Amino acid sequence: MKSINTFQYHKQRWKIFLFLFAAFITLASLFFTSFLVKKLAQSERSKAEVWAMTTRSIITMPDVDDDFISFIYEVRDSLSLPAIIVDEKDEVIFWRGLDERKTNIPLQNLSDQEKETLEYDPGYFDHQLSKMKSRHEPILIPLESGGGWRVYYKESQALSLLRVFPYVQLSLIALFLAVAYSVFSAVKKSEENLVWVGMAKEAAHQLGTPLSSLMGWLELIRMKFDAPEDETLNEMERDIKRLEIVADRFSKIGSSPHLSSHQVYPVVEEFVQYFRIRTSDKITIELKGDKHVEAMLNVQLFDWIIENLLKNAVNAIANEGEIVVNIMENIAKEEIIIDISDTGKGIPKSNYERIFEPGFTTRKRGWGLGLSLTKRMIDYHKGQILVKESEVGIGTTIRIILKSNLKYEPTKIG
């Protein structure tokens, strides 16, 4: 059976693969669009050159055949790129495709009366000319008299839109994928939660019958051997009751836990006493701190929290060591702080956050669920859990922070 750690590894590999595949699609789309833009830009450059040649023919060859002139006009008018022709002094002498309200047509072809009706805005044309100069090299029109004109043009709207199209397209695809991923993740998580809730409740149900039988057999043993106060049998009874608590925990998954005010110290002390005699004599467990602070607790869930943390502390200690549970109150912040310190192998700083992730474990046979489950139960208590400090080879201190005696809205487990 594969561990959750292996599953997380393969899941991470799939994420990397999908990211690289998405990056490939993005680069391919950008490359292809860039290719199309380059080809279209070359085509528009050719159109601009043809327009410049036809304009020169119209202006410099006024005595040619009327049919030929008509043909040239048709060719020129079929080329719809915005363009400006300027002389050697950068003065506008001809234009097309610009705002006709700010027009400037060849002045030498107009009568004085026609010139008076023009609305020529030099600032507008200077601005348009500056934009055209920044985009394309000019097309030169040599004149028979020497010198020449320069033709500047602006790319078509289709080409401008094509330049930004891949970015808009990829943005929409990314948005769609993000929404789809969120929806599918939520659905998957909901389904997984339902499966876990169902399994937990079924486990609790299955444990109920043998636990009841064990209690019955225990009483029969006491009666048969006349040992009502036998210490061994008393410890067996405590273990059976512990199993009943565990079964009750699983039965409550999927329901809203009830929180009520409890003194923290006695709740922790009861489990410490139970756990201490079931731990190696080489590991000492000390409980200290304020015995009277109160917090809103679900005792069974909080008992589970302490159990998980103490078990982790024991597992971190190789042979012998010490575990200290210290309960304190921060009156200024109305907080109760519980520090659980051990003299175990410690945690690298890079793993401070990761230890609470599902599936993360440093043990060969571990599933990596204990601390993630602990964090969820702390969340039900509207508290926090964190690594206060740790040093490899020295030990670790895990800190729990709870609000003291505040009212909470119930949160569904699972």
Side-chain angles (χ1 to χ4, degrees), residues 204 207-208 211-212 214-215 218-219 228-253 257-317 321-329 335-342 370-371 373-385 397-406 408 413:
L207 284 171
L211 286 175
S212 299
L214 285 173
M215 287 296 291
L218 185 63
E219 290 302 318
E229 299 299 329
D230 183 80
E231 187 61 29
T232 302
L233 296 179
N234 288 341
E235 288 302 322
M236 287 178 63
E237 183 178 3
R238 291 188 69 183
D239 283 334
I240 293 172
K241 289 182 178 179
R242 191 74 197 171
L243 285 173
E244 288 178 336
I245 292 174
V246 172
D248 188 55
R249 289 173 184 169
F250 281 103
S251 70
K252 284 183 167 59
I253 291 178
H258 174 69
L259 302 178
S260 57
S261 180
H262 290 275
Q263 288 185 342
V264 178
Y265 192 97
V267 173
V268 177
E269 183 181 32
E270 182 175 354
F271 178 77
V272 168
Q273 289 177 351
Y274 170 83
F275 189 73
R276 186 181 282 131
I277 62 175
R278 286 160 177 80
T279 307
S280 169
D281 293 337
K282 296 181 179 180
I283 298 176
T284 61
I285 303 176
E286 180 184 358
L287 175 62
K288 62 182 183 179
D290 195 329
K291 297 184 178 181
H292 305 290
V293 294
E294 293 187 8
M296 302 296 291
L297 303 176
N298 180 289
V299 174
Q300 291 178 333
L301 289 183
F302 193 74
D303 195 52
W304 200 353
I305 292 169
I306 301 302
E307 178 180 349
N308 286 340
L309 293 177
L310 289 181
K311 284 182 177 179
N312 270 12
V314 168
N315 290 329
I317 298 173
E322 181 182 14
I323 300 172
V324 178
V325 182
N326 189 15
I327 301 172
M328 303 165 284
E329 183 176 22
E335 291 178 344
I336 294 172
I337 297 172
I338 305 171
D339 285 345
I340 299 178
S341 306
D342 64 65
L371 286 178
L373 184 60
T374 300
K375 186 178 186 305
R376 291 192 68 176
M377 289 187 289
I378 291 291
D379 291 339
Y380 301 145
H381 289 82
K382 301 298 186 284
Q384 295 176 270
I385 185 170
T397 298
I398 300 290
R399 170 164 287 185
I400 299 172
I401 303 175
L402 300 173
K403 291 292 182 182
S404 57
N405 273 337
L406 295 180
Y408 300 106
I413 304 177

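Predicted model, so just to flag it, every value in this text is computed and none were measured.
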Search all heavy atoms of N326 against all heavy atoms of G289 and return the closest pair with its distance.
OD1-CA, 3.6 Å

Heavy-atom distance under 4.5 Å between the side chains of E329 and E335, does that happen here?
no

Report the distance from atom NZ of K311 to atom CZ of F275, rounding to the nearest 0.5 Å.
7.0 Å

Any heavy-atom pair between the side chains of L243 and L207 that's under 4.5 Å?
no

Could you walk me through whether E286 and R276 pass the side-chain contact (heavy atoms from CB on, under 4.5 Å) test, one step at a time?
CA-CA 9 Å; E286 180 184 358; R276 186 181 282 131; 5.8 Å; no

Output, in order, the C-alpha distance, side-chain angles, deciding distance and verdict of salt bridge (Lys or Arg N to Asp or Glu O under 4.0 Å) for K291 and E269.
CA-CA 10 Å; K291 297 184 178 181; E269 183 181 32; over 6 Å; no

Got a second to check how far K375's NZ is from I378's CD1, nearest 0.5 Å?
9.5 Å

Interatomic spacing from CE in M377 to CD in Q300 - rounded to 0.5 Å:
12.0 Å

Between CD1 on residue I317 and CG on residue N312, distance to nearest 0.5 Å:
11.0 Å

Closer than 3.5 angstrom, by distance alone: can the side chain of N298 be matched with the main-chain N or O of H258 as a donor-acceptor pair?
yes

Close side-chain approach of I340 and T397, heavy atoms under 4.5 Å
no

Over all heavy atoms of both residues, which pair between A295 and L402 is shortest? Give the atoms and the distance, please.
CB-CD1, 4.4 Å

Mind listing the closest non-hydrogen atom pair of F302 and I338 along with its distance?
CZ-CD1, 3.4 Å

Step-by-step side-chain contact (heavy atoms from CB on, under 4.5 Å) determination, L371 to L309:
CA-CA 8 Å; L371 286 178; L309 293 177; 3.7 Å; yes

Is any side-chain heavy atom of D239 closer than 4.5 Å to a side-chain heavy atom of Y274?
yes

Is the closest side-chain heavy-atom distance between I336 and I400 below 4.5 Å?
no

Straight-line distance of L310 CG to I305 CD1, nearest 0.5 Å:
12.0 Å

For residues I283 and E322, determine if any side-chain heavy atom of one lies less than 4.5 Å from a side-chain heavy atom of the other.
no

Tell me whether D379 contacts the main-chain N or O of K382 through its side chain, where contact means a donor paired with an acceptor under 3.5 Å.
no

Is atom CD of E270 surrounded by more than 12 heavy atoms (other residues, nucleotides or ligands) closer than 6.0 Å?
no

Heavy atoms, side chains only, cut-off 4.5 Å: are L218 and M236 in contact?
yes

State, to 0.1 Å, how close L259 and M296 come at their nearest heavy-atom pair, and which atoms those are.
O-CE, 3.7 Å

Are side-chain heavy atoms of Y380 and L301 found at a separation under 4.5 Å?
yes

Ignoring hydrogens and geometry, is there a side-chain-to-backbone donor-acceptor pair from D303 to V299 under 3.5 Å?
no

Do E294 and S261 have side-chain atoms, one donor and one acceptor, less than 3.5 Å apart?
yes

Candidate pair K403 and H381, rule side-chain contact (heavy atoms from CB on, under 4.5 Å), full reasoning
CA-CA 9 Å; K403 291 292 182 182; H381 289 82; over 6 Å; no

Could you walk me through whether E235 and R242 pass salt bridge (Lys or Arg N to Asp or Glu O under 4.0 Å), step by step?
CA-CA 10 Å; E235 288 302 322; R242 191 74 197 171; over 6 Å; no

Of the non-hydrogen atoms in Q263 and V267, which two are nearest, and what is the gap between them?
O-CG2, 3.4 Å

How long is the straight-line distance from CG of N308 back to OG1 of T374, given to the nearest 0.5 Å?
3.5 Å

Which residues satisfy the side chain to side chain donor-acceptor pair (under 3.5 Å) test with D339, sequence neighbours excluded?
R399

